[in-house]
Amino acid sequence: MTRVLLVDGLGRGGIAQTSEAWAIELGDAATKVRVVTRLGRELGAGAVDVVGPRERRSSVLSHAALCRRAARQIRTFGPDVVVVQNYVLPVLEEQVHRAARAVGADHARYAALLRI
């Protein structure tokens, strides 16, 4: 069974709708999916379970917490593929990329999916 970890940095709007559709379709295809996003947003209010950190005082601190949570989830879940749905602050998101490389996420698919 393939494991996919999907990171959605905003959890709202059209990208969140895409993230939800991907998670549903991947789950229906007998793929184990985990979605990391900001809690209390559109993504996670429907058919897809999500994990994420509690909100912080500012959006930058919330995003930093999200990146830390995503990196921890990658290390514990051990996904074959990591999908980063959007970039918010790439300097903070680098830890997500390092974690994906550290667990051996397929580099060719990983690199291609990061360009979405």
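- Across Val82 and Ala105, no two heavy atoms sit closer than the pair CG2-CB, 4.4 Å.
- Pairs engaging residues 70-79 under the salt bridge (Lys or Arg N to Asp or Glu O under 4.0 Å) rule: none recorded [sequence neighbours left out].
- Cluster annotation: Tyr87 is not connected to Val91 through the hydrophobic network of ILVMFWY side chains, with a link wherever side-chain heavy atoms come within less than 4.5 Å.
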**Message:** Run the side chain to side chain contact (heavy atoms under 4.5 Å, CB included) test on Val83 and Val7 for me, step by step, so that the C-alpha distance in whole Å, both residues' side-chain angles and the decisive distance to 0.1 Å come before the verdict.
**Reply:** CA-CA 6 Å; Val83 178; Val7 181; over 6 Å; no

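- In this structure, Ile15 stands alone, with no Ile, Leu, Val, Met, Phe, Trp or Tyr side-chain heavy atom under 4.5 Å from its own, directly or through other members.
- Among residue pairs with one or both ends in residues 3-16, those qualifying as side chain to side chain donor-acceptor pair (under 3.5 Å) are Asp8-Ser19; sequence neighbours excluded.
- At a threshold of 4.5 Å between non-hydrogen side-chain atoms, the residues Ile74 and Val96 count as touching.
- Applying the salt bridge (Lys or Arg N to Asp or Glu O under 4.0 Å) rule to pairs touching residues 82-95 yields Glu94-Arg101, sequence neighbours excluded.
- Under the salt bridge (Lys or Arg N to Asp or Glu O under 4.0 Å) criterion, the residue pairs touching residues 50-71 are Arg38-Glu55, with sequence neighbours excluded.
- In plain terms, the two heavy atoms of Glu20 and Gly46 that are nearest each other are OE2-CA, 3.6 Å.
- The side-chain heavy atoms of Gln85 and Leu6, taken from C-beta on, include a pair separated by under 4.5 Å.
- With sequence neighbours left out, Glu25 forms a salt bridge (charged side-chain N to carboxylate O under 4.0 Å, His left out) with no residue at all.
- Rounded to the nearest 0.5 angstrom, Leu10 CG and Ser59 OG are separated by 9.5 Å.
- Hydrophobic clustering (side-chain heavy atoms under 4.5 Å, transitive across Ile, Leu, Val, Met, Phe, Trp, Tyr) keeps Val84 apart from Val88.
- At least one side-chain heavy atom of Val50 sits less than 4.5 Å from a side-chain heavy atom of Leu43.
- A single hydrophobic cluster is not seen to contain both Leu66 and Leu92; linkage of ILVMFWY side chains at heavy-atom distances under 4.5 Å, directly or through other members, places them apart.
- Nearest heavy-atom pair across Leu5 and Phe77 is CD1-CD2, 4.1 Å.
- Listed by chain and number, the residues in a side-chain hydrogen bond (donor to acceptor under 3.5 Å, both in side chains) with Arg41 amount to none (sequence neighbours excluded).
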**Worked check of side chain to side chain contact (heavy atoms under 4.5 Å, CB included) between Ile24 and Val48** = CA-CA 7 Å; Ile24 291 167; Val48 175; 3.8 Å; yes

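- Contact detail for Ala23 and Val35: the closest heavy-atom pair is CB-CG2, 3.8 Å.
- Legend: residues meeting side-chain hydrogen bond (donor to acceptor under 3.5 Å, both in side chains) with Gln73, ordered by chain and number and at least two apart, are Arg34.
- When all heavy atoms are compared, the tightest approach of Pro53 to Ser62 is CG-O, 4.4 Å.
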